[in-house]
Amino acid sequence: MSTPAPELQWTRLPASAGIGTELRKIWTQRSLLPRLASLSILTAYQKTVLGVGWLFIRPLVVAVGATIVFRQGLGVRGAGTTAPYPIFVLAGFAAWLLFEHGVSWCTRTLVRHKAIARNFSTSRALLLFATSAAAIAQSVAVYLCLIVAATGWAIVDRVWYLPLGWQTLTLFPLLLVMLMAVWSVSLFTSILYSRVRDTWYVLRYVLTAWLFLTPVFYSLADLPPHLASVVRLNPLASFFAVYHWATLGGELPDARVAFFHLLLILLLFVLGLRFFLRNSSDVMDQG
Amino acid sequence: MAKLAVHDLGKTFRPTGKWSWLAGLDDDGTDDDDGDGVVPRAWLKREITAFSNVSFSLGAGEALGIVGPGRTSLLRVIAGLTAPTTGYVTGQGSVVYMNGLRQAPYPKLSLRTNLQAVAELCVGRRMDRRRRDASIEKAADLLDMHSRLDTPSYWFHPNQFGSLAYAAVIAFRPEIMLFDEILHPGEPDASEWVTAELRQHLSSGGIVVIASRRTYVAQTFSPEVYNLGGNDTDDNDLVDEPPREILVGGSPAAPPPPEPTGVSPPRAAGAAKAGRPEPVDLHISTDGYFVGSRTPLENQDDGRWQDIPNFASSAKGPGQVARDISPDEAILGTPSREVFAAVHGLGMLRAVRTRTDSGRAANQVRPGETVVIDVYFDTLVESAGVDIVAAFSVALLDRARTKILTPPNKVAVARLPSALSCPGRGSYRASCHFDGQLTRAMAVTYLVTADVSMTFWDEAAGARQKPKREQLLDAQVHWIIRSDWSQNPRVGYYGAAPLRISALFPMLRWDIKYDRGGSSK
């Protein structure tokens, strides 16, 4: 017979868990993260014919489409880097899909994983964080496409457009910031979506608009000054500029704006977590 | 060692009125006056107190039963699934709300993946892989499902998954186990094992809390019962002694149910005259489990009798403990998807017991007596096939006086007062009422219940008769559409049911025979 599990002391208090309590719970249950992440990835592409093939199809289609529309049609160059435009787009799209898919999956966490959220005492916030694993998988797939494309260009041009250097290391904190942005948004939208399914339809339009307000298909240097100043209001804009620099090299963008936006995302994350903790229990109680 | 202490606990569900403008709820009134099924906004603004001022403490090796309204909410608060409104709970040891194991959280994934997930989620941390897999293998061996662990979970009835998950998780011995209404999800093979494991769990310092509508269920492991107040118990509705053997695998205190007897001589003679093989008695096993009908099935078209081998062989004989019929077995014996659906329906049954009101076995019923049929089920129905079963069953509401407890996943008791003392189908009717809302799972109860009365004595013909199958079913289903269901627009689609139901019907028919002074009826 199996041995008893290690003993664990706990308390259930009247109020919804505070942020500190929840973070402690998440830390206690951190070993569940790989399991929840794998479930999130396994269920993401079930009942599809092409399965994980979709991880690669969409970025390639977008890279080709964006090259035709933005490069050939609008003459966007991806200023600030020497990389060919498709590589520029793929690099930006790897980060954008992390955000977009992350928000999409995480928004639907409490509904898609309802059986777990309702019947197990697993931290629901942990469940939401784990759900972003599917988006990370998507982002990694785009990176693979990017590396393949860069290899192709390296053979033709004899230039490697993805410089490896100390700036490459900043990709990891950038990834974390991007995940924080994902969670900041989806901590709100997951509750709203559980209450009202219209959230999902609205969110799709918002994300599409957000995509075009984020320097994914263009760089800030491609824009006229008055448009660039508008796009800079987007909290993701500065991170994408830093991200392009970390991936493709070029000139380091103004880090002060990025720092301000980082504070904004952290604030949103804290508020979102508070909102989530106050409402997730009610959402689950009401089925 | 495990500890659990509840201090002055209360739970009030907060009104959701502030969200109702987003949810498209009805504006007018407090009831669903327009019948569109949309909850009125005003209703959601009501504050509901589930329970209040609950205090108790349990130490290592102790068990407690909880009865009364709010018991499920209390278990969910203890399990940390929802926050209390007042008071607090302290505990030591991992807590598992066992009802969460009754359905695979990810039906498209394999049984093994789902079991690994629920095991780890129950314990709240990643587990040693060898230990985890060993317990899953052990559970699979117990239920003879070892070879199917890599099959998608949706292929199996929830009872099968639930039994596996219970067995796997109990093997881990989480310190505090919370049971809501039932102690095992329905696989008889697992029940004794589960009961023995829980007793061992208690003796090794664990805690078991059982919330139930019925006091005798709550008292399974301990006479200690905490009553949350109110009259939300069903003990007074039972005319029989508590069927403890059904729920937890046997109680020494409970007297065994009467053994079914063989065919009465006059009836056998009548059957021999008709040149037909004598139907076998209804198989009510000594421990209350009913599986399926061993009664040879009559082919209404050519008058011959036929049997379905797999069903016949799935029971061990009259008076013996039978087992559930798996969907696989049903498919082997019968090619149609409808039968598959029917067996899914049967699989939801925990047990069925028939008695006369004087305590005799149902097949010994005498004129003027009432046959009481208790049907126990515990699974929420999900498949489309079972929708059809449910639709048929609803036709039987008008002749079963029925008491339904809180759905889903609860016990249902259905009774047919004096059904068998009436010589015709029409006169089987009796008033019926509900205490709960109608769900598909409940409806299946009626299906099984009503089939008991399908055989009747035809005075004019002087012989035991059955209604023509197609006529009977068509009439019933049309009745559903015209009367009851027409008042509920959400079930209108059941109109497509008759043909499919006729395919289900043979599988679900029971014969109850009884003696009336030398003749049978």
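So you know, we letter chains A, B, ... as the sequences are listed, proteins then strands, and number each from 1. Values below: all heavy atoms of this structure, side chains included; hydrogens, waters and symmetry mates excluded. Keep in mind it's a predicted model, so treat the numbers as computed, not measured.
- Proximity of A:R118 to B:R76: side-chain heavy atoms (C-beta onward) are separated by under 4.5 Å at one or more points.
- Contacts of A:L36 with chain B are made by side-chain atoms alone, with heavy-atom separations under 4.5 Å and no backbone atom involved.
- For the pair B:V89 and A:T11, the minimum side-chain heavy-atom distance is 4.5 Å or more.
- With a threshold of 4.5 angstrom between heavy atoms, B:V6 does not approach chain A through any atom at all.
- No more than 12 heavy atoms of other residues, nucleotides or ligands shown are found within 6.0 angstrom of NZ on B:K3.
- Here the CG-CG distance, from A:L39 to B:N114, works out to 8.0 Å after rounding to the nearest 0.5 Å.
- From A:S121, atom OG reaches atom CD1 of B:I78 across 13.0 Å, with rounding to the nearest 0.5 Å.
- Proximity to chain A is limited to the side chain of B:I176, based on heavy atoms less than 4.5 angstrom apart.
- For the residue pair A:N119 and B:L81, the shortest heavy atom distance occurs at C-CD2, 3.6 Å.
- The part of B:L4 that comes within reach of chain A is its side chain, from C-beta onward, which places non-hydrogen atoms under 4.5 angstrom from that chain.
- Contact annotation for B:A117: both backbone and side-chain heavy atoms come within less than 4.5 Å of a heavy atom of chain A.
- With a threshold of 4.5 angstrom between heavy atoms, A:R124 approaches chain B through side-chain atoms but not through N, CA, C or O.
- Contact annotation: the side chain of B:V96 never approaches that of A:F120 to less than 4.5 Å [non-hydrogen atoms, C-beta and beyond].
- Heavy atoms from other residues, nucleotides or ligands lying under 6.0 Å from OH of B:Y88 number 12 at most.
- When the shell of 6.0 Å around CZ of A:R274 is examined, it contains 12 or fewer heavy atoms from other residues, nucleotides or ligands.
- Of all heavy-atom pairs spanning B:P84 and A:L13, the tightest one is CD-O, 3.1 Å.
- Side-chain N or O atoms of A:R12 include none that pairs as donor or acceptor with a backbone N or O of B:T82 at under 3.5 Å.
- Closest heavy-atom contact between A:R35 and B:T113: NH1-O, 4.3 Å.
- Formation of a donor-acceptor pair under 3.5 Å by the A:W10 side chain with backbone atoms of B:S94 is not found in this model.
- For the options B:G205, B:G80, B:G10, B:G91, heavy-atom pairs under 4.5 Å to chain A are most numerous at B:G91.
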